[in-house]
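Only one structure is covered here, and it is reproduced in the block below.
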Amino acid sequence: MRVAVLISGRGSNMRALISSCRTNEGPAEIVCVISNHPDAAGLSVALDNGIKTEIVDHRRFADRASFESELGRALESADIELICLAGFMRLLSPDFVNHWRDRLINIHPSLLPAFKGLDTHRRVIESGVRVTGCTVHFVRSKMDDGPIIIQAATPVHPDDTDERLAERVLHLEHHCYPLAVRWIAEGRVRVIDERAIIANADITKTWLINPEA
Ligand code: GAR
């Protein structure tokens, strides 16, 4: 399965996807990385890994439609079958999202549908919730919305800072995103009634309680 990763910055999830696709020799291949920022740090990581990169700088386009039509051209010309948003910080229009329906996935650093949007970890800490995590989901036209493929959870500690929490959640992200891509490429993921069903998935039997006593 030919996969494109869209980034806007650091690209640590992109790096996790590149290395898992390489080492697992699975059916997914990262064929290109596209950034909307020319100076995204992830671009050099992709190049160092021999992966084609492309910059589609949103500031060079008059409107969202022309930005997205250039993005679409880059994706179609590379015969992309699956798009992974990995810290891609542009909202995509309903037209774009519908065109790529069930072929476009995203990772978000919370247990969706809680804490959609930006500044997630600060809001998680301020809210007082005891558990947070990450979600990989199919993209729909509403922000951070769509059928959930995989989630992982971590406790929120009383002395957590945004940075410490982000680091712990990022570790989970790097585990979850490659799994989601592998399952899709293996043809094990179907969307039925807006729920993602994973064939032959082992359902975890552990649970997380916080605080414990
Ligand atoms: C990740 O934590 C990702 O979940 C988040 O941006 C970070 C990108 O890091 N995405 C969102 O908040 C999207 N709503 P990375 O560039 O190192 O992968």
Side-chain angles (χ1 to χ4, degrees), residues 3-22 28 30 32-49 51 53-58 64 68 71 82-94 96-97 100 104-127 129 131-154 156 160-182 184:
V3 178
V5 185
L6 270 53
I7 63 169
S8 296
R10 176 179 54 181
S12 71
N13 277 290
M14 173 209 72
R15 186 197 293 264
L17 289 172
I18 291 172
S19 73
S20 78
C21 288
R22 288 257 161 83
I30 313 290
C32 71
V33 169
I34 303 176
S35 172
N36 65 313
H37 275 298
D39 50 1
L43 286 169
S44 56
V45 177
L47 284 172
D48 289 347
N49 279 277
I51 290 169
T53 61
E54 196 149 345
I55 295 159
V56 183
D57 185 346
H58 60 280
R64 193 180 298 274
E68 288 180 356
L71 205 52
L82 177 70
I83 306 171
C84 298
L85 306 181
F88 182 71
M89 296 311 201
R90 295 301 292 172
L91 281 179
L92 294 165
S93 71
F96 187 93
V97 169
W100 291 94
L104 171 59
I105 62 177
N106 180 44
I107 187 152
H108 183 74
S110 77
L111 293 174
L112 292 175
F115 302 104
K116 298 177 176 183
L118 297 175
D119 225 356
T120 320
H121 303 299
R122 182 186 57 75
R123 290 184 293 120
V124 162
I125 290 169
E126 285 175 2
S127 76
V129 295
V131 176
T132 187
C134 69
T135 305
V136 181
H137 64 98
F138 287 104
V139 174
R140 295 294 184 255
S141 53
K142 282 191 262 162
M143 185 186 58
D144 297 327
D145 184 58
I148 291 169
I149 302 163
I150 184 171
Q151 294 185 307
T154 182
V156 181
D160 263 339
T161 58
D162 300 6
E163 293 73 25
R164 264 205 294 262
L165 189 54
E167 198 181 318
R168 250 186 356 269
V169 172
L170 198 61
H171 185 71
L172 300 178
E173 295 183 46
H174 295 165
H175 182 73
C176 289
Y177 216 175
L179 277 177
V181 168
R182 199 173 85 211
I184 292 171

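Whatever order the structure lists ligands and atoms in, that order sets their numbers, starting from 1. Atom set for the values below is all heavy atoms of this structure, side chains included, hydrogens, waters and symmetry mates excluded. All residue numbers refer to positions in the sequence shown, counting from 1.
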CG (Leu85) and CG (Asn13) are apart, to the nearest 0.5 Å, by 11.0 Å
Distance col, row Asn49:CG vs Arg15:CZ, nearest 0.5 angstrom, shows 7.5 Å
Taking the side chain as every heavy atom from C-beta outward, state whether Asp160 and Arg168 have any atom pair closer than 4.5 Å.
-> yes
When distances are taken from atom 9 (O) of ligand 1, the protein heavy atom at minimum range is Arg10 NH2, 3.1 Å
message: When you measure from the heavy atoms of Ile107 to every atom of ligand 1, does any distance fall below 4.0 Å?
response: yes
* Asked: Are side-chain N/O atoms of Arg64 and Ser93 paired as donor and acceptor at under 3.5 Å?
  -> no
_I'd like to check whether Asn106 has a polar contact with ligand 1, where a contact means an N/O of the residue lying under 3.5 Å from an N/O of the ligand._
no
*Hey, does Met89 sit under 4.0 Å from ligand 1 if you only count heavy atoms?*
yes
So for Leu85 against ligand 1, with non-hydrogen atoms under 4.0 Å, the contacting part is neither
- Task: Report yes or no: does Arg140 contribute a side-chain atom to a donor-acceptor pair with the main-chain N or O of Pro147 at less than 3.5 Å?
- Result: no
Value for CD1 (Ile105) from CG (Leu82), rounded to nearest 0.5 Å, stands at 5.0 Å
A student comparing Ala40, Ser8, Pro109 should find that the heavy atom closest to atom 5 (C) of ligand 1 comes from Pro109
Under 4.0 Å from one or more heavy atoms of Ser12, ligand 1 contributes atoms 15 (P), 16 (O), 17 (O), 18 (O)
Here the atoms of ligand 1 under 4.0 Å from any heavy atom belonging to Glu173 are 1 (C), 2 (O), 3 (C), 4 (O)
Flag Gly9 as yes when one of its N or O atoms lies below 3.5 Å from any N or O atom of ligand 1, and as no otherwise.
no
Nearest non-hydrogen protein atom to atom 16 (O) of ligand 1, with distance, is Gly11 N, 2.8 Å
For Gly87, the atoms of ligand 1 under 4.0 Å from one of its heavy atoms are 6 (O), 8 (C)
So CD1 of Ile30 and OG of Ser20: to nearest 0.5 Å the spacing works out to 7.0 Å
Distance col, row Met89:CE vs His58:NE2, nearest 0.5 angstrom, shows 12.5 Å
> Are any of the N/O atoms in His108 less than 3.5 Å from those in ligand 1?
Replying inline: yes
